[in-house]
Visitor: 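Sharing a structure, written as structure tokens. Questions coming.
Count residues from 1 along the sequence. Computed from a predicted model, the values in this text were never measured in an experiment.
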Amino acid sequence: HFDNLLKATRNIVFVEVNPNKYTQAKINLSRNRWANTQAIANVVAPDTESLKTVIESNGNTINDYFIQAERERMVDFYRNNINAEALRRVYSQFGCKIALPTSLNKFTQKDNFLWITNGSAQIRQDIVIYSTPYTSTDQLSHEAILARRDSIMKVNMPGGVEGSYMGTEYRFLPPVTNFVTHNNAWCAETRGLWKMKNGEHMGGPFVSLTRVDEMNMQIITIEGFVFAPKYDKRNPLRQLEAMLYSLILPHEVNEIIISAKTTN
């Protein structure tokens with residue numbers, strides 16, 4: 001049944017178990033076989049037991065492969081449908097460029113801090129960008145990233161009740177930071193839950209990227225968070241992830257090669 005109609009599907013997984021063709025289980029990842037921006041995973045094995053083993057061992061790799069492909073498609077879409085006002089504000093304040101959709105069209109601008117939101121009463125998507133001077137690699141640890149987040153959000157993200165502010169949820173699903181390479185440079189990706197403290201019952205997931213702008217000796221963090229109590233939050237958060245990964249630092253805008261320092 002895998003005909004020309006299905007061959008244009010953007011994400012495809014083939015699984016084949018055949019003892020006459022294969023002596024060991026293997027996974028092969030490929031792109032664009034029948035359509036542009038297509039992602040394909042081929043999983044083959046001589047028997048079901050080895051199939052089970054190879055999938056259990058490589059399941060996260062396959063999952064991450066398709067998530068990355070989806071992110072790249074969304075980034076391409078946003079870059080072709082760019083929000084000119086958001087681009088202007090981000091470039092004016094931080095020297096960076098970003099691809100955001102026109103739905104994020106409400107802005108709050110403060111010193112070294114920019115808040116952009118769609119203001120939706122149903123599925124609310126927000127992005128904040130903030131910068132701090134870069135003086136030491138100690139500022140790039142998981143603990144330092146979260147401490148900086150808490151202090152900056154407390155000042156810049158007040159709630160509707162006096163004394164309330166946005167914080168980080170540490171008790172349930174504590175935040176996790178992964179150090180990755182993005183645009184051939186160091187990057188910290190932090191995921192966790194946010195909540196309003198001191199009076200308001202609001203919260204949801206967030207994801208942030210922390211990068212080093214060595215051209216201007218500053219640390220730039222861009223974060224996306226979702227508030228949608230009655231709705232699934234996976235797809236809105238993944239949309240925000242794509243927006244975060246579209247951020248281009250000043251040296252990348254000017255095509256200057258810099259190797260960012262790392263903590264490990």
Visitor: Is a donor on one side and an acceptor on the other found under 3.5 Å between the side chain of Asn42 and the backbone of Ile27?
Guide: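 Checked: no pair found.
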Visitor: List the residues meeting side chain to side chain donor-acceptor pair (under 3.5 Å) with Thr135, not counting sequence neighbours, and say none if there are none.
Guide: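 Scan of Thr135 (side chain to side chain donor-acceptor pair (under 3.5 Å), adjacent residues dropped) gives Gln139.
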Visitor: Does Asp3 reach the main-chain N or O of Leu5 with its side chain, forming a donor-acceptor pair under 3.5 Å?
Guide: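 Confirmed, Asp3 side chain pairs with Leu5 backbone.
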Visitor: May I ask you to decide if Pro101's main-chain N or O and Asn83's side chain share a donor-acceptor pair within less than 3.5 Å?
Guide: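 Yes, the answer is positive, given that a donor and an acceptor are paired below the 3.5 Å cut-off.
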Visitor: Are the side chains of Arg211 and Asn183 in touch, meaning some heavy atoms are under 4.5 Å apart?
Guide: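 The answer is yes; the side chains approach within 4.5 Å.
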Visitor: Tell me if the CZ atom of Phe77 is crowded by more than 12 foreign heavy atoms within 6.0 Å.
Guide: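 Not more than 12 within 6.0 Å, no.
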Visitor: Mind checking what makes ring-ring contact (aromatic ring centres under 6.0 Å, His included) contact with Phe2, not counting sequence neighbours?
Guide: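 For Phe2, the residues satisfying ring-ring contact (aromatic ring centres under 6.0 Å, His included) (neighbours in sequence not counted) are Phe14, Trp34.
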Visitor: Using side-chain contact (heavy atoms from CB on, under 4.5 Å), reason through Thr117 and Phe227 one step at a time and then give a plain yes or no.
Guide: CA-CA 11 Å; Thr117 179; Phe227 180 64; over 6 Å; no
Visitor: Can a salt bridge be assigned to the pair Arg88 and Glu85 using a cut-off of 4.0 Å between side-chain N and carboxylate O?
Guide: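 Yes, charged N to carboxylate O under 4.0 Å.
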Visitor: Once ring-ring contact (aromatic ring centres under 6.0 Å, His included) is applied, do any residues pair with Phe206, and if so which ones, sequence neighbours excluded?
Guide: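 With sequence neighbours excluded, Phe206 shows a ring-ring contact (aromatic ring centres under 6.0 Å, His included) to no residue whatsoever.
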Visitor: Give the C-alpha distance, both sets of side-chain angles, the deciding distance and a yes or no for side-chain contact (heavy atoms from CB on, under 4.5 Å) between Asn112 and Thr132.
Guide: CA-CA 7 Å; Asn112 304 312; Thr132 53; over 6 Å; no
Visitor: With side-chain hydrogen bond (donor to acceptor under 3.5 Å, both in side chains) as the test, would you mind laying out the steps for Asn178 and Glu189 before giving the verdict?
Guide: CA-CA 5 Å; Asn178 291 310; Glu189 182 188 83; 4.5 Å; no
Visitor: Which heavy-atom pair separates Leu6 from Ile12 by the least distance, and what is that distance?
Guide: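 For Leu6 versus Ile12, the nearest heavy atoms are O-CD1, 4.2 Å.
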Visitor: Atom NZ of residue position Lys106 - does it have more than 12 heavy atoms of other residues, nucleotides or ligands inside 6.0 Å?
Guide: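 For Lys106, atom NZ is crowded (more than 12 foreign heavy atoms under 6.0 Å).
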Visitor: Do Phe225 and Val128 come close enough that some side-chain heavy atom pair is under 4.5 Å?
Guide: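 In contact.
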Visitor: Is a donor on one side and an acceptor on the other found under 3.5 Å between the side chain of Asn63 and the backbone of Gly59?
Guide: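 A pair under 3.5 Å: no.
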Visitor: I want to check something: taking the side chain as every heavy atom from C-beta on, are Arg89 and Ile116 in contact at a cut-off of under 4.5 Å?
Guide: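 No, every pair of side-chain atoms sits at 4.5 Å or beyond.
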Visitor: Check the hydrophobic clustering (I, L, V, M, F, W, Y; side-chain heavy atoms under 4.5 Å; chains of links allowed) and say if Ile145 and Tyr130 are grouped together.
Guide: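 They do not share one cluster, since no chain of ILVMFWY contacts under 4.5 Å joins Ile145 to Tyr130.
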Visitor: Please tell me if the side chains of Tyr165 and Lys197 come closer than 4.5 Å, counting only heavy atoms from C-beta onward.
Guide: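 A side-chain contact exists here, since the closest heavy-atom pair is under 4.5 Å.
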Visitor: Please enumerate all residues that pass ring-ring contact (aromatic ring centres under 6.0 Å, His included) together with Tyr245, with sequence neighbours excluded.
Guide: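 Only His182 meet the ring-ring contact (aromatic ring centres under 6.0 Å, His included) criterion with Tyr245.
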Visitor: Kindly determine whether Arg238 and Met74 satisfy side-chain contact (heavy atoms from CB on, under 4.5 Å), including the steps that lead there.
Guide: CA-CA 9 Å; Arg238 286 187 178 172; Met74 284 188 278; 4.2 Å; yes
Visitor: Between Arg31 and Tyr65, is any side-chain donor less than 3.5 angstrom from a side-chain acceptor?
Guide: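 The criterion, which ignores hydrogens and geometry beyond distance, is satisfied for Tyr65 and Arg31.
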Visitor: For residues 90-97, run the donor-acceptor check on the side chains, cut-off 3.5 Å, and write out each pair with its distance to 0.1 Å, sequence neighbours left out.
Guide:
| from | atom 1 | to | atom 2 | distance (Å) |
| --- | --- | --- | --- | --- |
| Gln93 | OE1 | Gln109 | NE2 | 2.8 |
| Gln93 | NE2 | Lys110 | O | 2.7 |
| Gln93 | NE2 | Phe113 | O | 3.3 |

Visitor: Can you hop from Phe107 to Met243 via hydrophobic side chains spaced under 4.5 Å?
Guide: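 Yes, one cluster joins them.
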Visitor: Do any N or O atoms from the side chain of Asn198 and from the backbone of Gly163 form a donor-acceptor pair under 3.5 angstrom?
Guide: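 The answer is yes, because a donor-acceptor pair under 3.5 Å joins these two groups.
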Visitor: Considering non-hydrogen atoms only, spot the tightest contact between Ile127 and Gly224 and give its length.
Guide: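 Looking at all heavy atoms of both residues, the closest pair is CG1-CA, 4.3 Å.
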Visitor: Mind checking whether Asn81 and Thr102 have side chains closer than 4.5 Å, heavy atoms only?
Guide: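 A side-chain contact is absent here, since even the closest heavy-atom pair is not under 4.5 Å.
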Visitor: List for me each residue that meets side-chain contact (heavy atoms from CB on, under 4.5 Å) alongside Glu16, sequence neighbours excluded, and say none if there are none.
Guide: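 Per chain and number, Glu16 pairs via side-chain contact (heavy atoms from CB on, under 4.5 Å) with Asn18, Lys21, Tyr22, Val44.
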Visitor: Who passes side-chain contact (heavy atoms from CB on, under 4.5 Å) against Ala144, sequence neighbours left out?
Guide: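 Only Ser141, Arg148 meet the side-chain contact (heavy atoms from CB on, under 4.5 Å) criterion with Ala144.
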Visitor: Identify, with sequence neighbours excluded, every residue that meets salt bridge (Lys or Arg N to Asp or Glu O under 4.0 Å) alongside Glu143.
Guide: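 By the salt bridge (Lys or Arg N to Asp or Glu O under 4.0 Å) rule, Glu143 matches no residue at all.
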Visitor: With sequence neighbours left out, what residues match Lys195 under salt bridge (Lys or Arg N to Asp or Glu O under 4.0 Å)?
Guide: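 If we apply the salt bridge (Lys or Arg N to Asp or Glu O under 4.0 Å) test to Lys195, skipping adjacent residues, the hits are Glu169.
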Visitor: Between Glu70 and Arg73, does any side-chain N to carboxylate O distance fall below 4.0 Å?
Guide: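 Counted as a salt bridge, because a side-chain N and a carboxylate O are separated by less than 4.0 Å.
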Visitor: Test of understanding: with side chain to side chain donor-acceptor pair (under 3.5 Å), list the residues that count as partners of Gln38, not counting sequence neighbours.
Guide: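 For Gln38, no residue satisfies side chain to side chain donor-acceptor pair (under 3.5 Å) once neighbours in sequence are set aside.
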Visitor: I'd like to know if the side chain of Asp47 reaches the main chain of Ser50, judged simply by a donor and an acceptor atom lying under 3.5 Å from each other, with no hydrogens or angles considered.
Guide: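 The answer is yes, because a donor-acceptor pair under 3.5 Å joins these two groups.
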Visitor: What's the shortest heavy-atom distance between Asn118 and Arg124, and which atoms?
Guide: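 That closest heavy-atom pairing would be OD1-CA, 3.5 Å.
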Visitor: Do side-chain atoms of Lys233 reach the backbone of Tyr231 as a donor and acceptor pair under 3.5 angstrom?
Guide: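 Present.
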Visitor: Who passes side chain to side chain donor-acceptor pair (under 3.5 Å) against Lys154, sequence neighbours left out?
Guide: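 Side chain to side chain donor-acceptor pair (under 3.5 Å) check on Lys154 returns nothing, list empty.
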Visitor: State, yes or no, whether a side-chain contact exists between Pro46 and Thr23 at a heavy-atom distance under 4.5 Å.
Guide: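 SC-SC contact between Pro46 and Thr23 ruled out.
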Visitor: Looking at Ser208 and Leu244, what are the two nearest heavy atoms and their distance?
Guide: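 Scanning both residues, the minimum pair turns out to be CA-CD1, 4.2 Å.
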Visitor: If hydrophobic clusters are built by linking Ile, Leu, Val, Met, Phe, Trp and Tyr wherever their side-chain heavy atoms come under 4.5 Å apart, do Leu114 and Leu209 end up in the same one?
Guide: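 Yes, it is one cluster - the side chains of Leu114 and Leu209 are joined through contacts under 4.5 Å.
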Visitor: Are Trp115 and Asp126 packed together at the side-chain level, in the sense that at least one heavy-atom pair is separated by less than 4.5 angstrom?
Guide: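 Trp115 reaches Asp126 side chain to side chain.
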Visitor: Determine which pairs satisfy side-chain hydrogen bond (donor to acceptor under 3.5 Å, both in side chains) with at least one residue from residues 220-230, sequence neighbours left out, and list them in order.
Guide: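 Output for this query lists Arg149-Glu223, Thr210-Thr221.
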